Amino acid sequence: MHVETVPELKVKIGLEVHCQLTNLKSKLFCSCSADYRDSEPNTHICPVCMGMPGTLPVLNRKAVEDAIMIALALNMQVSSRTLFYRKNYFYPDMPKNFQISQYDRAGGVPIAKDGYVTIDGGRKVRISRLQLEEDPGKLVYEGTIETSKATLVDYNRAGVALAEIVTEPDITSPREARIFLQKLRSILEHLGVSSGELEGSMRCDANISIEGGTRVEVKNISSFKEVERALNFEMTRQRSLIRKGLRIGRETRHWDELRRVTVTLRVKEEEEDYRYFPEPDLVPILISREDVERLRASMPELPDSRKRRLMEQYGISMQNAEVLTDNKALAEFFEACAANYSRPDLLSNWIVGDLLSYLYDMGLELRETKLTPQHMVGMLRLIDDGTISGKIGKEVLKEIMVTGEAPENVVKARGLIRISDREYLERLTDRVFEENPKAVKDALKDEKAVRFLVGQLMKLTEGKADPQLANILVRNRLKASAGK
Ligand SMILES: [Zn+2]
C-alpha cells in the first residue's frame with residue numbers, strides 16, 4: 001500500500017499582548033483607583049473615565065515611566081516625541097465611543113519600537129512596537145458569549161493603563177508562543193510594573209497563518225495559560241481545511257474558553273476604519289534622553305542577567321537557570337531555598353523537574369500551593385540523611401504542596417521512614433526469591449534479572465526499603481545460591 005505523506009506546513013504566529021500596569025495606583029487619565037478587582041461593579045468610575053462631556057483627561061506620568069522601562073527591557077528604541085490618538089468605535093465597553101490609544105498604522109509613532117525578546121537559549125522574537133492605551137470596560141456574560149441572554153457592563157476597568165506589546169510573526173509554534181509569553185511575563189514582573197498573578201491582567205490576541213495562507217486573528221485569550229490551547233486548536237483547524245483543499249477566510253475568531261474552540265466573531269475583507277485622529281485634549285509627550293537614562297539606571301535585575309548570575313553564583317546548569325528565571329516566583333523560591341541548603345544543583349533539579357511538573361499537573365501557580373522554602377529544604381534534608389528515599393521524597397513533596405504540613409510530620413504520620421532493618425529485609429528477600437524462581441535462575445548471568453529482583457523487594461516495601469541495602473541483600477543471596 002502506498003501512503004502519501006503530507007508535509008507539515010509551517011506556522012507563523014504574531015502576538016498582541018495587553019498588560020495592565022498593575023503597579024499604578026490610579027487609572028491612565030483620571031484619579032480613580034486602578035485596584036478594582038474585588039469591588040462591586042461600577043464603583044471605580046468618575047466623569048473622566050465615563051467620558052462625560054466637558055471632562056478632560058490628565059496623563060498619569062508614572063504610566064509613561066513604566067512604558068519606557070518596559071521598552072528598555074525589551075531592547076527597544078524609545079521615541080523622543082509621541083502622542084495619543086482617538087480610536088473611534090461604538091461599543092458598549094467604551095462609554096466615550098472612542099479609546100485613547102496610539103496610532104498603530106503606518107506613520108504612527110508609538111512610545112517605542114523595534115526591539116526583541118530572547119527565548120529558548122538564544123532565538124529572538126522581534127517586537128515591533130509598544131504603546132500605551134486605556135483598557136475598556138468589561139462585558140460580563142452569563143455562561144458563554146453565544147448562549148448568554150444578556151450582556152452586562154462593568155466600567156471599573158475602563159481607563160486602566162495598558163501597555164500593548166506587538167510582536168512580528170516570528171513565533172513558529174503554539175508551544176513557542178507559551179514560552180515567549182512566560183518570558184515576557186517574567187520580564188514585566190522583574191520590572192515590577194505588571195503582575196501576571198492578577199486575573200485578567202495580561203491578555204493576548206494572536207494572529208496565525210499556515211504557510212502561504214490567510215492570516216486569522218484569535219481574540220479574547222484571557223490568560224497566558226490559554227494561549228497554547230487556543231493556538232493549537234486554530235492550527236489544527238486551518239491545517240485540516242488546507243488538507244481538504246478549502247480556502248481559509250480572513251476573519252476574526254473568538255476563543256471560547258469553556259468549550260475550548262475558536263468561533264467566528266466577524267468576517268472582514270478589509271481593515272476597519274477607526275477614523276483615528278490626534279487626541280486634542282492631551283499634549284504630545286516629550287521624552288528626553290536624560291529621562292531615559294535615569295530610568296535605565298534605576299532598572300532592577302532582569303531575567304537574562306539573573307540567569308547568568310544564578311549559573312555563576314550557584315553553579316547550576318544553563319537550562320535550569322533559564323527555566324527558573326522565566327518564572328520570577330520560581331527564581332525567588334529557588335534563591336530562598338538555596339540560602340539554607342548546600343547543594344543548589346540538586347535543589348534546582350527538584351524545582352525545575354518535580355515541583356514544576358506537579359504544578360503543571362495541578363494547574364496551579366507556586367503561590368497557590370502551601371509550599372514554603374523551609375519545607376522544601378526540610379524534605380531534601382530527609383533524603384540526604386537517609387530518612388526517606390528520593391522516590392518517597394516525591395510523594396512527600398506532593399503532599400506538603402497541598403497540606404502545608406512539615407515534611408517530618410508527613411513522614412512520621414504516614415510511616416514513610418526508610419526501612420534499613422537488615423533482618424526484616426532479609427526475610428522479604430527470601431520471599432522474593434521463592435516467588436520468582438525463574439528470575440533467580442536468570443539473575444546468575446543476566447544483570448537485568450538482578451535489577452528485577454531488587455525491584456520486587458522495593459515493591460514489597462512500597463518503595464521504603466533502603467535501595468542500597470536492598471541491592472546488597474539481593475546480590476548476597478544470589479552469591480549464596482550460586483555457591484550451592
Ligand atoms: Zn475615573
Side-chain angles (χ1 to χ4, degrees), residues 16-70 82-104 110-111 130-141 150-165 188 191-203 205 219-220 222 274-287:
E16 207 176 289
V17 187
H18 291 97
C19 306
Q20 289 183 342
L21 301 176
T22 53
N23 66 331
L24 301 181
K25 295 210 164 48
S26 55
K27 294 184 180 181
L28 186 53
F29 299 114
C30 65
S31 57
C32 288
S33 162
D35 180 15
Y36 63 86
R37 277 187 174 73
D38 296 322
S39 308
E40 287 291 302
N42 299 308
T43 51
H44 289 235
I45 54 172
C46 74
V48 175
C49 56
M50 294 306 289
M52 297 293 175
T55 57
L56 286 173
V58 177
L59 177 60
N60 186 332
R61 187 191 171 90
K62 186 84 176 45
V64 178
E65 293 184 346
D66 279 2
I68 294 171
M69 297 232 285
I70 296 172
T82 180
L83 62 165
F84 285 104
Y85 275 71
R86 286 190 183 179
K87 179 180 181 178
N88 295 280
Y89 66 94
F90 182 75
Y91 205 65
D93 65 3
M94 276 318 295
K96 297 199 288 268
N97 293 332
F98 61 82
Q99 178 190 28
I100 305 181
S101 178
Q102 296 196 280
Y103 191 47
D104 64 357
I111 280 214
L130 162 69
Q131 65 181 42
L132 269 179
E133 62 185 28
E134 51 180 345
D135 211 348
K138 198 174 174 186
L139 300 185
V140 184
Y141 304 101
T151 304
L152 304 167
V153 199
D154 177 4
Y155 289 117
N156 282 348
R157 199 178 73 180
V160 166
L162 282 184
E164 183 183 287
I165 297 159
L188 298 176
L191 283 173
V193 297
S194 189
S195 165
E197 287 175 353
L198 294 171
E199 184 253 323
S201 61
M202 292 186 185
R203 308 187 291 274
D205 296 341
K219 293 238 179 223
N220 188 47
S222 66
Y274 288 113
R275 294 182 297 116
Y276 277 99
F277 64 86
E279 165 62 68
D281 291 339
L282 288 164
V283 293
I285 311 166
L286 301 177
I287 302 168

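Both counts, for ligands and for their atoms, begin at 1 and track the order of listing. Note that the structure is a prediction, hence the values are computed from the model and not measured.
Judged purely by atom type and a 3.5 angstrom limit, Q99 uses its side chain to pair as donor or acceptor with the backbone of E134.
With respect to K138 and E199, a salt bridge is recorded, a charged nitrogen being found less than 4.0 Å from a carboxylate O.
Aromatic ring orientation, F29 versus F84: perpendicular (interplanar angle above 60°, classes split at 30° and 60°).
Taking 2.8 Å as the criterion, H44 does not count as a coordinating residue of the Zn ion (ligand 1), since none of its N, O or S atoms falls below it.
The SG atom of C49 sits 3.5 Å away from the NZ atom of K27 when rounded to the nearest 0.5 Å.
The SG atom of C30 and the SG atom of C49 subtend an angle of 110° at the Zn ion (ligand 1), given to the nearest 10 degrees. Seen from the Zn ion (ligand 1), atom SG of C32 and atom SG of C46 lie 100° apart in angle, a value rounded to 10°.
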